[in-house]
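Worksheet: the structure to be examined is printed underneath.
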Amino acid sequence: MASTIFTQIPFQSNSLNKISNTHFLPSFKLPVSLSFKPRTALPKRLSIRAGLIEPDGGKLVDLHVAEPERELKKLEAASLPRVKLTEIDVQWVHVLSEGWASPLTGFMRESELLQTLHFNSLRLGDGSFVNMSVPIVLAIDDSQKASVGESNSVALVDSDDKLIAILTDIEIYKHPKEERIARTWGTTAPGLPYVEETIKNSGNWLIGGDLEVIEPIKYNDGLDRFRLSPIDLRREFERRNADAVFAFQLRNPVHNGHALLMTDTRRRLLEMGYENPILLLHPLGGYTKADDVPLSWRMKQHEKVLEDGVLDPETTVVSIFPSPMHYAGPTEVQWHAKARINAGANFYIVGRDPAGMGHPVEKRDLYDADHGKKVLSMAPGLERLNILPFRVAAYDKTQGKMAFFDPSRAQDFLFISGTKMRTLAKNKENPPAGFMCPGGWQVLVEYYDSLTPLEDGRIPEPVAA
């Protein structure tokens with residue numbers, strides 16, 4: 001197995017750590033078509049090199065304070081100015097602390113933000129680049145800036161004033177909201193969910209620095225056992241003797257079309273010469289917009305998919321990706337792919353309009369449906385990652401199951417949209433047999449039943465599964 005180095009040593013101030021002799025695994029970058037064929041002809045059996053792909057920068061960052069030092073850090077924090085974090089800020093602390101954004105060691109300073117906004121990448125000390133497409137920043141207002149004063153460090157606390165982390169060697173700079181929104185989403189149209197939730201009313205300043213996270217972030221929602229860090233995932237992949245890891249991100253329930261794509265991907269990896277490819281089924285667990293199915297219900301549905309044998313538990317790892325969702329299309333999908341490199345994945349499945357959404361004002365998609373996979377195939381810093389474009393799956397009426405779409409007999413296929421799926425579940429109607437496993441469908445029906453309007457017509461808040 002290729003060795004992976006884990007570090008708790010912060011990078012030098014205002015710069016990313018210098019990397020030396022980063023090992024690159026063989027890369028079989030796939031084209032932007034819906035086919036699975038690589039750019040050059042491959043032999044029937046490849047010489048596959050064992051070991052997981054190295055994390056960005058060669059080291060997986062771990063920003064947690066060592067347990068023996070926690071009490072001293074708490075005493076240190078007691079004398080520091082305080083900055084209160086929102087729920088989404090805490091999710092970003094979680095992301096940073098576990099190394100999903102390696103080699104980033106804290107909230108971005110201005111130079112890192114500008115590189116992210118303008119280049120979708122960060123330059124390392126040796127002149128190489130890693131991908132970084134979404135800003136990971138912490139906003140503060142005028143009063144918070146004044147309270148920080150000349151201090152070089154601040155204590156970060158949650159809404160209950162619990163100490164979460166210390167931010168050291170800080171830099172405070174202007175929050176370029178319009179530029180941030182325009183470059184991340186490609187529009188400043190009103191109604192972008194993440195913008196409305198986190199940026200529109202946030203402070204006019206950003207504070208960056210190195211994080212010292214007091215202890216691992218826990219949510220105590222019954223799902224922490226699924227929140228495996230990149231270190232945890234790499235250990236699990238090694239325990240299973242994985243020689244390839246292919247990641248599938250989703251923020252929706254799994255239907256049999258998804259399962260077909262995942263099982264077919266494994267079959268093709270075996271044909272390429274890999275002996276034990278492992279699927280990382282990796283639902284997004286941070287902030288999502290109000291009309292998405294809540295995480296607890298999605299995880300309950302995913303468990304049913306494995307219980308019903310739609311996916312093989314022996315070759316599947318189900319874990320929660322803690323990142324908040326931007327719905328920033330081709331820009332954000334780079335972040336989703338980059339983070340999976342740090343978790344050990346060397347293959348990434350990408351579908352139609354990844355991380356996309358409908359335009360918030362006009363009646364159209366915000367992004368071109370094919371741009372996500374095209375951008376991934378060209379993105380700086382993702383050269384080591386093999387991009388696996390979706391083949392289009394639909395319900396085959398002649399077979400009574402989900403199958404890959406055959407345009408020569410298009411009349412035999414039924415496309416069941418997310419809207420149609422939600423309508424069926426809300427009305428407690430069953431989809432065509434073979435669309436989704438019965439146990440998984442029942443979870444959806446129960447979720448939408450929990451949203452039945454109250455007597456006064458109000459829609460209740462979603463309850464945990």
Side-chain angles (χ1 to χ4, degrees), residues 193 219 221-227 248-263 279 281-313 316 318-321 325 327 351-354 356-358 390 392-403 405 413-465:
Y219 298 82
D221 57 358
L223 299 176
D224 284 330
R225 60 195 169 98
F226 290 109
R227 292 184 174 95
F248 185 85
Q249 171 174 296
L250 67 170
R251 66 175 197 272
N252 294 306
V254 174
H255 57 63
N256 289 352
H258 296 136
L260 175 64
L261 292 162
M262 289 182 267
T263 54
L279 165 65
L281 183 62
H282 216 197
L284 187 134
Y287 161 80
T288 54
K289 54 190 174 68
D291 60 350
D292 282 351
V293 177
L295 177 64
S296 60
W297 288 95
R298 285 185 278 129
M299 292 304 296
K300 185 176 180 180
Q301 195 267 350
H302 299 345
E303 286 188 277
K304 290 295 183 183
V305 168
L306 268 74
E307 287 177 13
D308 288 1
V310 177
L311 294 172
D312 183 0
T316 304
V318 181
S319 180
I320 293 172
F321 178 45
M325 187 76 190
Y327 305 92
R352 179 190 179 279
D353 196 19
M357 58 171 282
F390 269 14
V392 177
Y395 186 77
D396 188 338
K397 293 179 286 186
T398 65
Q399 298 186 56
K401 64 178 184 179
M402 299 296 286
F405 178 68
F413 287 87
L414 177 65
F415 287 90
I416 301 174
S417 67
T419 300
K420 176 66 173 176
M421 185 176 70
R422 287 190 291 271
T423 300
L424 290 171
K426 288 175 182 177
N427 294 336
K428 299 183 181 180
E429 299 176 21
N430 290 325
F435 172 73
M436 184 183 290
C437 66
W441 183 255
Q442 184 57 37
V443 171
L444 279 191
V445 171
E446 291 172 4
Y447 164 65
Y448 284 109
D449 191 48
S450 74
L451 299 181
T452 301
L454 303 173
E455 290 183 2
D456 60 5
R458 290 184 298 109
I459 301 295
E461 289 292 321
V463 295

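Residue numbers count from 1 along this sequence. These numbers come from the heavy atoms of this one structure, side chains and all, not from hydrogens, waters or symmetry mates.
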### Query
Do Phe405 and Phe413 have ring centroids that are under 6.0 Å from one another?
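Between Phe413 and Phe405, the centre distance is under 6.0 Å.
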Exercise: identify the closest heavy-atom pair between [X] and [Y]:
X      : Y      : value
Ser319 : Pro283 : O-CD, 3.0 Å
Ala393 : Phe415 : O-CE2, 4.2 Å
Tyr448 : Ala425 : CD1-CB, 3.5 Å
Tyr327 : Gly356 : CD2-O, 4.1 Å
Gly440 : Lys304 : N-CB, 3.7 Å
Val310 : Cys437 : CG2-CB, 3.7 Å

Rounded distance (nearest 0.5 Å) linking atom [atom1] of [X] with atom [atom2] of [Y]:
X      : Y      : atom1 : atom2 : result
Trp441 : Leu424 : CH2   : CG    : 5.0 Å
Lys426 : Asp449 : NZ    : CG    : 12.5 Å
His302 : Thr316 : NE2   : OG1   : 12.0 Å
Ile416 : Arg422 : CD1   : CZ    : 13.5 Å
Leu311 : Asn256 : CG    : CG    : 9.0 Å
Leu261 : Leu279 : CG    : CG    : 11.0 Å

### Task
Give a yes or no on whether a salt bridge exists between Glu303 and Arg225, defined as a side-chain N under 4.0 angstrom from a carboxylate O.
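The answer is yes: the pair qualifies as a salt bridge.
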Measuring only between side-chain heavy atoms, which start at C-beta, is [X] closer than 4.5 Å to [Y]?
X      : Y      : result
Thr288 : Arg298 : yes
Pro193 : Met357 : yes
Val254 : Met262 : yes
Leu414 : Phe435 : no
Met421 : Leu444 : yes
Thr263 : Asp312 : no

### Query
Aromatic rings Phe390 and Phe248: how do their planes relate, parallel, tilted or perpendicular, breaks at 30° and 60°?
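Correct class here is parallel.
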#### Entry: Whether Tyr447 and Trp297 hold their rings parallel, tilted or perpendicular, with breakpoints at 30° and 60°
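Judged by the thresholds at 30° and 60°, the geometry between Tyr447 and Trp297 is tilted.
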Above 12 or not: heavy atoms from other molecules or residues under 6.0 Å from [atom1] of [X]?
X      : atom1 : value
Lys300 : NZ    : yes
Lys397 : NZ    : yes
Lys420 : NZ    : no

Output yes when a side-chain donor or acceptor of [X] lies under 3.5 Å from a complementary backbone atom of [Y], and no otherwise.
X      : Y      : value
Asp224 : Tyr219 : yes
Asp292 : Arg251 : no
Asp221 : Leu223 : yes

### Task
Determine, stepwise, if the pair Asn430 / Val445 fulfils side-chain contact (heavy atoms from CB on, under 4.5 Å).
CA-CA 9 Å; Asn430 290 325; Val445 171; 5.6 Å; no
